[in-house]
Amino acid sequence: MTAGRTQKDILNLLLDKYERSAFFKENATPTRRISINLYVDGKTDFPHYDIEQPDKREEVNRAVLALQEAGVLSSSWMKGEVNHILEKVWLNYEFLSEAYRLLGRSPKADVAHAVCDEIIKAAANVKTSWALGYLTDVIESIKRKRSLPSSIPEDEAERANLIKSIVALEGAYGTEMLERVFSLRTFGDSKTFEKTVKSRLVRILRKYMDNDDDVADDELLGQVGLVKYPEQFEFCGKLSIDAGSATADFSALAAGSAVYSTDIIGAKLKLDSSVKKVLTIENRANYFDYISKSKADDELVIYHGGQFSPRKCAFFHEINEALPPRASWRHWSDIDYGGFLMLLRLRQNVSREILPFRMNESELKFFSMFTARIDLKYRNKLESLKGHEELADCLSCIDYMIANGKRLEQEAMLI
């Protein structure tokens, strides 16, 4: 190491310690020294200071004395070893700006405030709750701690890519976009999103979107319209799709049908006038079992899957618009937090008239030997559902789950 390099390493170590201190976070004048031990009781905070190797010891001594002469730090010698072995070095707070200047280093608070300004501008362009919640938390954290939270990249390019992705998703809200197409449109490269943004965005979505804890990454991304492949919509019943130049009638397919999301963009969905009931089913096994054993001729059954994407939400809207007069819509999910969250989202985004199907305390009691236990954290999540007036008719079941510590996956009902 050259003397210049040694000076920088010592100063950086001291400034790092200062920027981690409560004095920095509170923007307060330090009332005690920010110091590092060079040699105290046989231990050091600066491993390069090896007192058994004269060249290294003298190199560090010279570096410290040069910085002391510049006024940015002070030092003390080991008792009985003056001008031979240094004991400690500490920052001179009145010369902090000079310390940063010598390093060519931007003060952490200055960097944080600049990033905060960037994020405030981005937050002005978003409205979706997860994006606004995340950006607001980042802004508040920076203002409180004068530093970047772990959820925001320190690397300038990665940070810019994350913020750009969030704003771009806001602009594309309600649509479906392939991940690589999104990356190409947003960054001019098809792989940038996957390489620098995807994993961090998934962690943000997992924290700021309401979901079960075990929801898959792809399902989270699908909820904001990002997919690897066009989404499939599966259904069974008297439904036809009018694409203008041709009409596809799926009524005769007793085992059900599937279309891709891209197939119905701009198309018109039509339900036969004989359809009296619509049933959406969360689990695929239950969907196929119901079709083969229970489906009535006047019923349209739709595979719901996990929390729906913007494009599937649009599909559900079109189904609701095509409902014949007096037709009803029911939804069947797991009797758990995620299941009632799905019903809540359907009622909030599609129709308040959608009813729960087999999602009650009677089913929990009947299949009690197949229920799973829930912990306090899960009980609290269930409690949060009670704040939504759209689920007022489900409160007795939710209260039963909380009181008895039970939940039920709908596959158990096939036993």
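Note: hydrogens, waters and symmetry copies are ignored here, and every other heavy atom, side chains too, is used.
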### Message
I want to check a possible cation-pi pair here: Arg345 against Phe308, using under 6.0 Å from ring centre and within 45° of the ring axis as the test.
### Response
yes
### Task
Could you tell me whether the side chain of Gln307 and the main chain of Glu219 form a donor-acceptor pair under 3.5 Å?
no
### Pairwise distance CG(Asn161) to CD1(Ile166) - rounded to 0.5 angstrom
11.5 Å
### Query
Is Lys381 reaching over with its side chain to a backbone N or O of Asn211, donor-acceptor style, under 3.5 angstrom?
yes
### Message
Does Lys17, at its NZ atom, have more than 12 non-hydrogen atoms belonging to other residues, nucleotides or ligands within less than 6.0 Å?
### Response
yes
### Query
Going by distance alone, is a donor N or O of one side chain under 3.5 Å from an acceptor N or O of the other, for Glu361 and Asn404?
no
### Heavy atoms of other groups near Arg32 CZ, more than 12 under 6.0 Å
no
### Query
Within the side chain of Thr6, is there an N or O that forms a donor-acceptor pair under 3.5 Å with the backbone of Val60?
no
### Task
Could you tell me whether the side chain of Asp189 and the main chain of Lys191 form a donor-acceptor pair under 3.5 Å?
yes
### Query
If you round to the nearest 0.5 Å, how far is CZ of Arg146 from SG of Cys116?
12.5 Å
### Query
Between the side chains of Ser328 and Glu353, is a donor N or O closer than 3.5 angstrom to an acceptor N or O?
no
### Query
Looking at Tyr303, is Lys312 sitting on its ring face, NZ or CZ under 6.0 Å from the six-membered ring centre and within 45 degrees of the normal?
yes
### Query
Just by modelled atom types, is the Lys127 backbone N or O under 3.5 Å from a matching donor or acceptor in the Glu170 side chain?
yes
### Message
With a 3.5 Å distance limit and no angle check, can you tell me whether Arg159 reaches the backbone of Pro153 through a side-chain donor-acceptor pair?
### Response
yes
### Task
Please tell me if the side chains of Ile163 and Ile119 come closer than 4.5 Å, counting only heavy atoms from C-beta onward.
yes
### Query
With Asp217, which of Lys198, Arg206, Arg203 fulfils side chain to side chain donor-acceptor pair (under 3.5 Å)?
Arg206
### Heavy-atom closest pair, residues Glu19 and Arg105
OE1-NH2, 2.8 Å
### Query
OG/Ser183 to CG/Leu226 distance, rounded to the nearest 0.5 angstrom?
10.0 Å
### Output field: ring centroids Tyr208/Trp130 closer than 6.0 Å
no
### Message
Determine whether Ser261 and Glu231 satisfy the following criterion, side chain to side chain donor-acceptor pair (under 3.5 Å), listing intermediate values before the conclusion.
### Response
CA-CA 5 Å; Ser261 54; Glu231 191 173 6; 5.6 Å; no
